[in-house]
Each structure stands twice: as C-alpha cells, then as structure tokens.
Amino acid sequence: MNRIFSNKRISAIVCVLPEKIVRYADELEDYNFPVRQSEMLGKMMDYNTRRQCEPNDSVSEYAIQGIQRLIDQSVIRPEEIDAIVVASSSQDYIMPSVSYLLQGHFNLREDVYCCDIVQQCGGYQFGLIQSFMLMDTFGFRKVLLVTGEMTSKKVGMHDRNARPIIGDAVSVTVIEPADNGAIYTDYRNYGQMADAIMIPAGGLKMPSTPETAIETKDASGNLRALDHFYMDGEGVFNFVMTHVPPMITDVLAQSGDSIDSIDYFMFHQPNKYMVDRLADELEIPSDKCFGNIVGIYGNASTATIPLNICHNIGSIATDKPLRLCLSGFGGGLTCNAIVFTNPSMDCCEIIDFKRTL
Amino acid sequence: MTKQEIIHKIEEIVATSLNHHDFVMTGNTKPEEITGWDSMANAMILTAIEQEFSVKFKFSDMIAWKTIGDLANIVIAKVEKL
C-alpha cells in the first residue's frame, strides 16, 4: 500500500537504554549446544553485547526520561505537544495505555491525543505513519512517537535462537511540520504468517500457567517455553529476503530515487547476518547500511531503527539534511519503508536510564 | 577444483560447523539427513563456504539447492566466474 505524505520531519530522537550490559560470551554454557559451536555462531552473527532491563523496569519510565531530556534541552515544551503515539509490544499494563501514563506524568493538556498501537519490528514506521496521519487530519504540529521494548523479560534463558539477539531500549521521536517535500511510504502485511514471530502464552487467549513455563526441546535441540518469545528464524529470513527487496525497489521507483541517491538505508536489525544479506541483495554499499546494532545493544524491535539512526548517523543527521530510506520488517509478519529527505535534526542522542534510589 | 574436491571441502566445513562427523557425505546427501543441520547451522555453513571459496551467494542461490551435489554445482558456477 503506497501513501504519499508531505512536509514533515523527524526533528529529534532520544534513545534511552538500560545500563546493564550482558555478554554472549558469558552465557554459552546456558545453551543446549556445544560451546565451540555456539562460539562459531556468535562470531558469524556478531553476537557480542546487549542491553538488558531490570525485572521491574517499564517502557513508560524510560520514555519519561527521554521526554524530560528533550524538555531540558529546550527541544520541546510540554505545552506544545499535540499527540503521543506509542508503538510497542511491551505495554506496562494491559490497561491503561502507556500514552496516558506519559500524558499524566507531564500534566500535558487534556486534549493531547493519546494512542498506543501494538507493534513489533515494523513499528517505528507504522508509528511515523500514524503521526503523519494525525498531523494531516487534525493539524497537529508536535507529535511524540514513543517506541521501545523490554522483550528480554519474555525470552527463555536457554533459547539460543532468540536470547543472544534480544536487547531492551526505548526511543522518543519528535515529529513536526517542515518544508521537505514528499514522503513516500509503503507497507505490506502478511498475517497468514502471524505465528512466525510470537509469544504464545501470557495474553488473554492462553494465560500463563505453570505448564506454559515448562521448557521443551525443539527438533534442533533448542529449549523454549510457551511463555517465551519465539521466532521461526528460517521462515522469517526467507520472508525478509523474498518480500523486502521488491518493496524497497518499488518505493525507490515511486520516489524517483536510486540506491545512489539515498544517503543512508536505516533498516531494522534482527541480526547482522540478515541485514548484510539484505544489503547484498539490494546491492547497497556497506557504508550506506549498517548491521552493527544487534552486536552492541541487541535487537530492541520497535526501537532498533531510532537506535540505528542515533548510533550510526547521529552527528551527521544533526548537521545537514539527509535522504533516508527507513525500513522495518518482522512480527505480523509485515514489512514497510519510508523514503524522504529529513532536514537537519535538533537532537539525536543515546542516554542511559538513570535509576532513582 | 573438481566437484568431488568441493564436496569434500563442504564435508569438512559441515563437520566443523556442527562439531561432529557422524555422517557420510555424497553428492546425493540432503541437509535434513545430517543431525544438527538446522536453520542456524545452515547460515553458518553457507557463510563458511562463501569464505572458503571466496564467493557470495544470492538469496536465489541459497534456496535453489536440495542436495550437496546441487550446492557444489552452484559453487563451481560461481568460482568459474571469478
């Protein structure tokens, strides 16, 4: 589905990370595979470190510190915020929504539009599209998009397919009007493959019980429980390699771009292997597409693209306009892309979550 | 390098990647017949083969083979283009 928006920019991003750094090398004995094989896998996949939240941490607490940072730096004023859009699968509570918690914490106006959308790896782009629609429909001039996950709480400690890649992070993005021309978007959904990435138990359909917490061994020898995050690695890889390249090719054709005319391709990063393969398939030069986020911070799903932007091009994005192609893919299954020129940003940074005693 | 030599090299890579050599590899061998050759192992093995022969697989190559003989043919075709 193609939609063209216009004249909006990402003016600021702050990513908030847990201080705790965990290392793949320290957990090799936890997996039901020979240590040497796990070491080889880690080397090939670039498993190194990742950020991990504490058991009682929440997305709203991290978002509050991100928003406060933007206020302290005079990037935004609370009274000018028109909407809060939260795109995440790590809700603090089943109810109320995180957006209301943030509106309440900062005593924002009663008419601030609050909206949570449950999203996974494609969530950053869907959050941007939701923000664009609100700006076009209601004339909003300042939208806060909060994305982020604490999926490490839902990953089995013996699951070598998922645990080494999952990290936690929350991002706050400010979207506002600009004179930057057309914004080309495309999204394609494949709910027929919904069970390829899922957490089977813990929702209302299959509540967590002592039985759903029991780990079982799959055909490859990997251990996981129904309470845990699950990803069909081969199925998702085939999905991404089949559906993402033609979608990006189509949106570039629509926007009149080529690989050369885009400054940076900021992709979601499930793992380095998949990003590298995707870049190879599209023949994107390695200095325009980065695969380093999972090996440093872990894959924080909806927050991975803002982390990618802040870590890899933050200093450039605050210095000059950039022609960007953002693309997310994963849980749904879904894939999406946005091509636009983003004017110089006011703020683009990564901070650690400060724990108050 | 002959097809048989490439298959032998693939056999070494598979044994190293899977940390065992409890298999007999011929041109007709399929990955699912070898213990431990799952999707993660497949990624490791194909990457190691790329490095060994200084070639790069496209996605179409990665899903085009069923047997080790097929895989060896793809490697041969790529090596000949170098």
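Naming: A, B, ... by sequence-line order, numbering from 1 per chain. Below, each value reflects all heavy atoms present in this structure, side chains not excepted, and no hydrogens, waters or symmetry copies.
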Please report the shortest heavy-atom distance between B:Leu18 and A:Gln37, naming the atom on each side.
-> CA-NE2, 3.7 Å
CD/A:Glu29: more than 12 non-hydrogen atoms of other groups inside 6.0 Å = no
For A:Glu283, does the CD atom sit with more than 12 other heavy atoms under 6.0 Å from it, leaving out its own atoms?
-> no
For chain B, which of A:Thr242, A:Leu41, A:Asp232, A:Leu278 has the most heavy-atom pairs under 4.5 Å?
-> A:Leu41
Among B:Thr35, B:Asn19, B:Asn42, the residue with the most heavy-atom pairs under 4.5 Å to chain A is B:Asn19
Hey, what do you get for CE (B:Met44) to OH (A:Tyr273), rounding to the nearest 0.5 Å?
-> 11.0 Å
Side chain, backbone, both or neither of A:Asn238 within contact of chain B (heavy atoms, under 4.5 Å) = both
Side chains of A:Arg36 and B:Thr16: does their closest heavy-atom pair fall under 4.5 Å?
-> yes
Which heavy atom of B:Lys58 sits nearest a heavy atom of A:Asp280, and at what distance?
-> NZ-O, 3.5 Å
Under a 4.5 Å heavy-atom cut-off, does chain B meet the side chain of A:Met44, its backbone, both or neither?
-> side chain
Scored by heavy-atom pairs under 4.5 Å with chain A, the best of B:Ala48, B:Ser39, B:Ala41, B:Ser60 is B:Ser39
Measure the CZ-CD1 distance between A:Phe237 and B:Ile63 for me, rounded to the nearest 0.5 Å.
-> 9.5 Å
Only one of A:Arg277, A:Met45, A:Lys43 passes side chain to side chain contact (heavy atoms under 4.5 Å, CB included) with B:Thr47, and that residue is A:Arg277
So, the part of A:Asn161 with a heavy atom under 4.5 Å from chain B: the answer is both
Step through the shown structure and confirm whether more than 12 heavy atoms of other residues, nucleotides or ligands are within 6.0 Å of NE2 on B:His8.
-> no
For A:Glu281 and B:Phe59, which heavy atoms make the closest approach, and how far apart are they?
-> OE1-N, 3.1 Å
So what's closer than 4.5 Å to chain A heavy atoms on B:Gln51: side chain, backbone, both or neither?
-> neither
